[in-house]
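My structure is below; once you've seen it, I'll send some questions.
These numbers come from a predicted model, not from an experiment. In what follows, chains are A, B, ... by sequence order, proteins preceding strands, each numbered from 1.
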6 protein chains.
Amino acid sequence: MRPSGRAADELRPVRITRGYTKHAEGSVLIEFGDTRVLCTASVEDRVPGFLRGTGSGWVTAEYGMLPRATGERTAREAARGRQGGRTLEIQRLIGRSLRAVVDLDALGERTITLDCDVLQADGGTRTASITGAYVALADAVARLLETGQLEASPLRGQVASVSVGIVGGAPVLDLDYAEDSAAETDMNVVMDEQGRFVEVQGTAEGHPFSRAELDAMLDLAARGIDRLLALQREALAGPRP
Amino acid sequence: MRPSGRAADELRPVRITRGYTKHAEGSVLIEFGDTRVLCTASVEDRVPGFLRGTGSGWVTAEYGMLPRATGERTAREAARGRQGGRTLEIQRLIGRSLRAVVDLDALGERTITLDCDVLQADGGTRTASITGAYVALADAVARLLETGQLEASPLRGQVASVSVGIVGGAPVLDLDYAEDSAAETDMNVVMDEQGRFVEVQGTAEGHPFSRAELDAMLDLAARGIDRLLALQREALAGPRP
Amino acid sequence: MRPSGRAADELRPVRITRGYTKHAEGSVLIEFGDTRVLCTASVEDRVPGFLRGTGSGWVTAEYGMLPRATGERTAREAARGRQGGRTLEIQRLIGRSLRAVVDLDALGERTITLDCDVLQADGGTRTASITGAYVALADAVARLLETGQLEASPLRGQVASVSVGIVGGAPVLDLDYAEDSAAETDMNVVMDEQGRFVEVQGTAEGHPFSRAELDAMLDLAARGIDRLLALQREALAGPRP
Amino acid sequence: MRPSGRAADELRPVRITRGYTKHAEGSVLIEFGDTRVLCTASVEDRVPGFLRGTGSGWVTAEYGMLPRATGERTAREAARGRQGGRTLEIQRLIGRSLRAVVDLDALGERTITLDCDVLQADGGTRTASITGAYVALADAVARLLETGQLEASPLRGQVASVSVGIVGGAPVLDLDYAEDSAAETDMNVVMDEQGRFVEVQGTAEGHPFSRAELDAMLDLAARGIDRLLALQREALAGPRP
Amino acid sequence: MRPSGRAADELRPVRITRGYTKHAEGSVLIEFGDTRVLCTASVEDRVPGFLRGTGSGWVTAEYGMLPRATGERTAREAARGRQGGRTLEIQRLIGRSLRAVVDLDALGERTITLDCDVLQADGGTRTASITGAYVALADAVARLLETGQLEASPLRGQVASVSVGIVGGAPVLDLDYAEDSAAETDMNVVMDEQGRFVEVQGTAEGHPFSRAELDAMLDLAARGIDRLLALQREALAGPRP
Amino acid sequence: MRPSGRAADELRPVRITRGYTKHAEGSVLIEFGDTRVLCTASVEDRVPGFLRGTGSGWVTAEYGMLPRATGERTAREAARGRQGGRTLEIQRLIGRSLRAVVDLDALGERTITLDCDVLQADGGTRTASITGAYVALADAVARLLETGQLEASPLRGQVASVSVGIVGGAPVLDLDYAEDSAAETDMNVVMDEQGRFVEVQGTAEGHPFSRAELDAMLDLAARGIDRLLALQREALAGPRP
């Protein structure tokens, strides 16, 4: 029995709110239960130095957590003077995951930056970030198409992410903070709309995990991501805010 | 005529939402029109070095702006490796303003940190921050009283803030971004519930301002702050979330 | 009675020494009693990125305090790896104050940097900095005119600054360190030669201040600044060093 | 056919040299083909703040790359003033992997730091680091036992790591730089001596990978790690240097 | 013939002004011609971590240059976020030179920090700093003796410094900026009152120098330092400011 | 009698291994006894800003020490966020020493960076670095000549370095760590193949040193460097790796 009463293969309630803020080309509040992340997509007409003049665009991500998104206040990274290793790791993961479904050449010499800022944390902030950032990205691309800045969409797939883990010996889907703290193994999975893997990151927290456990977790992840991809499509079915 | 159609002495619609996030001892979303700031109050049982062992508490503030709170994306301060001068200036102002209404000795050896994070910016983020932070602070203090950690409230007053300015030659209250950019003079005023000044910061942007203009602006500010203090009291009249 | 025996509206002895060092285009030692600040104006033929190609010039300021300018040694900011919030706040104030009297377009694509370094501190370092920096700026401009680099002066006004405060319940002018530490309210005022305000920054240290107190302080400031403007003109009446 | 002529399931020649430098409690040069990493284990009688007084020890890792370990010179991180995201990610991975086989309570209040410095890079530096660091750690522990500082070994398992990937459509083991640059998918696997997973990190570089591809890669990894664990045991069979 | 008209073995006019600022325990303005350095000695009742509890004191130095001490404005190190290599090198040299004449055990658990800040630079700032810092140190020690904080002086010698060089093929003493820029070799020498060397730092700028040239430079340095030591004694003969 | 049993004028066994790593244009492992430094020379087709467009090239150096090169683990500079004063001082010394024998104009608009990384430290790391870096530089230049990127060698001399000191009252050559820690005086000397000085840096550690002691040390240094220059030539006599 999970602390939340959920079934092993049950996601938390997911809510995707497009147009959450007004300035960004894409702005999405995504909620996985009590985890709330604001994902904005910003389009800029320049690329990093290593791409200048190549005709190729860039998609990148930055991740942050408000100091009191967490149970105890976390020191503000801007005040500490640098982003921690966990932050850098997460934002690199988000960036790679989204680049996996973008044709950078088709994007042209522009950069889309996905800012994922956690307003409230309850486990799974990185998977919520990826899932929400995809929707923000889709909105930003839609806008580029509507305004005629792009003629064809550079999006060549859809991507979502969920966490799975072994808690109390059993594989479970979409861990909240209580489960995450108690997990023996924690795995983040990113998949596309064809059921293929974009990223798989599994870490033994308590004790190493067997191949059978890995397989069980991947099965759960596939089911969860399937549902998340549907929720993204649903959210994007409405008019652009 | 103001771009927004407001009268010269008219505030933007103000909304104060308590309990906006769940972890913080006080958590308030304040909206001054399209400006939206999340203000959280975090209580910690320790004080900065210079107060250790004195029995006195501390109230401090930190300010941040999400990268895409603004019309153009602003570089993330955590990524740039330091908080800019504007940020430091604002968070020092917020901290001073709130300390003005707290009896630090009565607070005991604990620190209350007010984190003011701008989710969406449309002018007046620092005045909204101060006004919202007061409500978050009041909630955090209420909780310390309810849980018996404090026997008497260290709050000895109420504080709110608004901007005033000279735009197109005329004094106006609570400037939005469009007015702020065009203002000849911009002034931030912080006052308490007795109509006294806690902070006055006026800056000539276009051309220096006369004593008469200063007086007109202060009159407007007093009226606006009066209204904001009432809105704070209204918001706090409901049960603590 | 003030600790220094001065009348409430009496400035400390002010001394302005032009040509204090030899390399800078303008170099002024200004003394407000025991407060001594070296203000240099440096002219460089380039502007910050945001002005490049616009034809406009720039005036900016940097502020520093020698480690032992103060009663207790203060850690060197260069060694600590960053300028503190107070430093950034002051140098932004100095820069804004001087830009208020310069026609940046008439300056052409060059930058004048005012470095204000406190050799000895006894209260009022920021107001002395502004007052001295104006003289250094005037010398630098005079030199640009003499050498033919400029045909007309971009100076369109004169600016000076003084602090006022409420100490022991009474408004006083030009606080020294002893008064500053004991002040209930501390206000820095910057005005031009037409008696208009460029900056007004008032902070309640002990308790909030009333409108009547504010008015009394502004009256004192106006008188003090009038005298400082005269002293600047006197100093500039002599030949350029 | 692989560029190196190796079979798909063939490791590069692996060499493990214990006692490579003289000061460290454990010092191992590990070579995976042309990749050469110096792994040292340093024992210190103190623990990070969060463990002080708990009786528990700590195992951590730091990773670095000499500027010219690579084909093009890489800027020195010490000169740039910070460790990059990739470095932080790798050193966190190494630390987690080794902690998975150490009983921190049994270690007592001391820290063992594994420094993994890449002298020459040709792909797989993180997997070589983990594999070599285990041997350095084992030597440091052996020394603590020999000198009587520990009575029982806190090592509760053995750990090694290898990379696998999909190159040209086919799964291959232990990618060198040429293969790594061309890989469609790159996966780092860390396993213990019971064939269980400690970490699995797979990234789609070119295109997402299927479950079948994942399975094939994991099979290869298991075989490679088996061989690496044997090589570690062989190396440790000799006398401690 | 030297640009300044000086003889090869002639110092620039040297002026030592004690009590230049009022807060520091020792405060000396030293001038070597147009080079002007403010040297302050600050006494603090604590020592760096590595000396805590040892009963030994510490003497250290910090060096800075005002941005416009030089012909062209130099970027402020506090603004750049770090002290440059040249600064660190010089302050380490000053610290070592003064520690050479202090019995740190006799100083007791206190730190004396010598801050050497260049107000105006014209070559030889580090040698002027050492020479002036000695006088500031002597004043600070005198004060510790007068106030009874120390019973016996920890000063066990006297130290001064001068530069020598080869300019236009000829050895010269105490190079000003014009000579320094043209020097083939530049050497800084620190000596004590017994004519012994504390530091010798010679650098071939244009072409390597012979043993004979080295000898000629050391002869000049010895003569110059002899004169500087006398000037220090003369300055210290007067009453403590 | 020296701890190592060496005669006063005896170098430690010196070993120079060319081609130690494969990517760099020059890669040399130099050993002075137990001190081992990896010196790589990297050629890049660009120069620092101040040389751009001048046609002149640049030679520079960076120095680092692996954390456990020393008896006690030293904190990693990349993790601490900056290079220490000692590191900056040493790398500036290496750079100057090598530039002394290079005709930068003849090098053309390219930069050669000498990275000197200490794998194991036992005293004399900076002198070993200079001596080894020269060989790496010579190899890099040879390669530029072989590939036709240069037509004539920009090397106009040969340079090597050794330490000398006064230990137990007697002058000795090439101090190891045990001697270095006990030395009363420590001097690093850099000379060219004509027996001329490039750098002389002598520091009194315990007590100041006399002119006679200085002379004795310089005599020893000259002899030692003579031997090192011969060893460099021997090493370079073989084919380029």
Contacting moiety of Asp186(B), where chain C heavy atoms sit under 4.5 Å: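 Neither; nothing under 4.5 Å.
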Flag if over 12 foreign heavy atoms under 6.0 Å of CZ, Arg156(C):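 Enclosed: over 12 neighbouring heavy atoms sit under 6.0 Å from CZ of Arg156(C).
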Chain C contact via Leu93(B) - which portion, at a heavy-atom distance below 4.5 Å: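 Interface part for Leu93(B): neither.
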Salt bridge (charged side-chain N to carboxylate O under 4.0 Å, His left out): pairs with one or both residues in residues 79-94 of chain B, sequence neighbours excluded: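 Sorted pair list: Glu89(B)-Arg92(C), Arg92(B)-Glu89(C).
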Distance-minimising heavy-atom pair for Ala204(B) and Phe197(C):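 Closest approach of Ala204(B) to Phe197(C), heavy atoms only: CB-O, 3.8 Å.
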Close approach to chain C in residues 50-65 of chain B, criterion heavy atom under 4.5 Å: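 The list, in residue order, is empty: none.
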Closest contact, heavy atoms only, Val200(B) versus Phe209(C):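 Where Val200(B) meets Phe209(C) most closely, the heavy atoms are CG2-CZ, 4.1 Å.
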Nearest-0.5 Å distance, CD of residue Glu199(B) to CD of residue Gln201(C):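 Answer for the CD-CD pair, Glu199(B) versus Gln201(C), is 8.5 Å.
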Among the listed options Asp192(B), Leu218(B), Leu214(B), the residue most often paired with chain C at heavy-atom distances under 4.5 Å: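 Looking at each of Asp192(B), Leu218(B), Leu214(B) in turn, Leu218(B) comes out on top.
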Separation of Arg196(C) CZ from His207(B) NE2 (nearest 0.5 Å):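 Here the interatomic distance stands at 7.0 Å.
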Portion of Asn188(B) that has a non-hydrogen atom of chain C nearer than 4.5 angstrom: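 Neither part; nothing is under 4.5 Å.
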Listed partners of Thr70(B) passing side chain to side chain donor-acceptor pair (under 3.5 Å), at least two apart: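 Thr70(B): side chain to side chain donor-acceptor pair (under 3.5 Å) contacts with Thr74(B).
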Most contacts with chain C, counted as non-hydrogen pairs under 4.5 angstrom, among Thr87(B), Leu88(B), Thr203(B):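 If we count pairs closer than 4.5 Å to chain C, Thr203(B) comes out on top.
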Arg46(C), CZ atom: more than 12 neighbouring heavy atoms under 6.0 Å: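 Incorrect, the count does not exceed 12.
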Pairing residues for Asp115(C) by the salt bridge (Lys or Arg N to Asp or Glu O under 4.0 Å) criterion, not counting sequence neighbours: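 Testing Asp115(C) for salt bridge (Lys or Arg N to Asp or Glu O under 4.0 Å), a comparison that skips the adjacent residues, returns Arg73(E), Arg76(E).
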Neighbour count >12 (heavy atoms, 6.0 Å) for atom CZ, Arg227(B):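 Incorrect, the count does not exceed 12.
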